Amino acid sequence: HEKPDLVLDIVDASNLERNLYLTFQLLEIEIPLVIVLNMMDVAQGRGFRIDPDQLSRQLEAAVVPTVGNKGKGKGELHEAIWETYRNRESARSAFRIHYGEALESALSNLEKRLLENQAELLTHYPARWLAVKLMENDPEAKRLVKEASKKAG
């Protein structure tokens with residue numbers, strides 16, 4: 001229920017697609033984020049070419065390539081953490097996944113209903129993120145909305 005000043009998202013660069021699900025959730029909850037692409041040596045050894053600068057632009061968050069067991073990227077990571085922390089209010093990403101027209105329409109309708117009926121809850125959680133979680137049938141999101149509805153009367 002708290003809003004952290006910053007989250008450090010450590011991602012296995014050698015298995016990027018699998019690891020980006022959590023990254024997308026963190027971006028959509030609008031938390032200042034630093035993404036660590038760890039195991040870059042393994043990713044490169046497998047023939048993956050990852051452009052951290054391009055990924056940073058696309059995700060609207062700091063992206064730092066590292067090789068943790070060799071200490072590579074440690075200085076750049078330290079710098080990205082402090083830079084994001086200093087600018088944490090402007091570092092909140094406006095990144096959005098487009099889920100296709102049918103889902104976007106349903107999400108938009110759900111967001112509107114949340115905005116109309118869950119103003120207190122939305123002081124803690126972004127409406128879009130909560131709508132996505134409800135569409136995923138997330139038990140915690142459902143519990144939050146149910147409790148907020150009971151309090152609202």
Side-chain angles (χ1 to χ4, degrees), residues 1-46 48-99 103-104 107-108 110-112 114-115 117-148 151:
H1 303 290
E2 296 178 17
K3 294 236 182 210
D5 290 328
L6 179 133
V7 170
L8 192 62
D9 181 23
I10 302 171
V11 174
D12 176 355
S14 69
N15 200 350
L16 191 56
E17 184 177 345
R18 181 177 181 203
N19 286 268
L20 285 179
Y21 179 72
L22 174 62
T23 302
F24 291 155
Q25 287 187 333
L26 292 169
L27 288 167
E28 285 197 330
I29 203 167
E30 301 174 6
I31 295 172
L33 187 66
V34 175
I35 302 165
V36 182
L37 292 177
N38 196 30
M39 298 177 58
M40 282 295 286
D41 55 339
V42 175
Q44 290 168 341
R46 292 182 182 169
F48 299 137
R49 302 208 190 292
I50 302 169
D51 182 342
D53 293 329
Q54 177 66 18
L55 190 58
S56 176
R57 284 189 295 279
Q58 288 178 331
L59 298 179
E60 301 176 16
V63 175
V64 182
T66 65
V67 180
N69 64 353
K70 296 184 175 125
K72 291 185 178 178
K74 194 164 62 171
E76 294 85 352
L77 178 57
H78 187 264
E79 187 177 311
I81 290 169
W82 281 111
E83 181 67 23
T84 301
Y85 178 77
R86 278 192 297 273
N87 299 306
R88 61 190 170 277
E89 288 308 312
S90 62
R92 296 182 189 280
S93 176
F95 176 84
R96 297 288 178 263
I97 296 174
H98 189 274
Y99 293 100
L103 283 178
E104 286 297 328
L107 275 173
S108 178
L110 187 51
E111 278 183 81
K112 285 177 189 170
L114 288 167
L115 288 166
N117 302 307
Q118 299 295 334
E120 173 63 26
L121 185 59
L122 297 181
T123 62
H124 302 287
Y125 304 98
R128 180 172 175 89
W129 177 84
L130 192 54
V132 168
K133 299 308 287 175
L134 289 170
M135 296 222 14
E136 290 176 348
N137 206 23
D138 182 87
E140 180 66 10
K142 287 170 42 177
R143 184 190 68 74
L144 288 168
V145 170
K146 191 174 190 176
E147 283 181 8
K151 285 181 186 176

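It should be emphasised that the depicted structure is a prediction, and the values quoted were computed from it without experimental measurement.
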Tell me, do [X] and [Y] make a side-chain contact under 4.5 Å, heavy atoms counted?
X      : Y      : answer
Leu114 : Leu134 : yes
Asp12  : Val42  : no
Thr84  : Leu33  : no
Met135 : Val132 : no
Tyr125 : Leu144 : yes
Pro52  : Val64  : no
Asn117 : Val145 : no
Leu6   : Arg88  : no

| query | Are any of the side-chain nitrogens in Arg128 or Glu104 under 4.0 Å away from the carboxylate oxygens of its partner? | reply |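 Counted as a salt bridge, because a side-chain N and a carboxylate O are separated by less than 4.0 Å.
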So how far is it from [X] [atom1] to [Y] [atom2], rounded to the nearest 0.5 Å?
X      : Y      : atom1 : atom2 : value
Asp5   : Arg86  : CG    : CZ    : 13.5 Å
Leu20  : Ile97  : CG    : CD1   : 9.0 Å
Asn38  : Thr66  : CG    : OG1   : 3.5 Å
Ile50  : Gln44  : CD1   : CD    : 8.0 Å
Leu130 : Asp138 : CG    : CG    : 9.0 Å
Lys151 : Lys146 : NZ    : NZ    : 14.5 Å

Where is the tightest heavy-atom contact between [X] and [Y], given as atom of each residue plus distance?
X      : Y      : value
Ser56  : Ala62  : OG-CA, 4.0 Å
Pro126 : Leu122 : C-CD2, 4.3 Å
Gln25  : Lys133 : NE2-NZ, 2.6 Å
Ala131 : Glu111 : CB-CG, 3.8 Å

| field | From CA spacing to verdict: side chain to side chain contact (heavy atoms under 4.5 Å, CB included), Tyr99, Leu107 | value | CA-CA 9 Å; Tyr99 293 100; Leu107 275 173; 3.6 Å; yes
| query | For Glu147, does the CD atom sit with more than 12 other heavy atoms under 6.0 Å from it, leaving out its own atoms? | reply |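 Enclosed: over 12 neighbouring heavy atoms sit under 6.0 Å from CD of Glu147.
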| said: Check this for me: Arg18, atom CZ, are more than 12 non-hydrogen atoms of other residues, nucleotides or ligands nearer than 6.0 Å? | reply: no
| Leu59 and its side-chain contact (heavy atoms from CB on, under 4.5 Å) partner, picked from Leu27, Leu26, Asp9 | Leu27
| Given Glu136 and Lys142, is the salt bridge (Lys or Arg N to Asp or Glu O under 4.0 Å) satisfied, shown in steps? | CA-CA 10 Å; Glu136 290 176 348; Lys142 287 170 42 177; over 6 Å; no
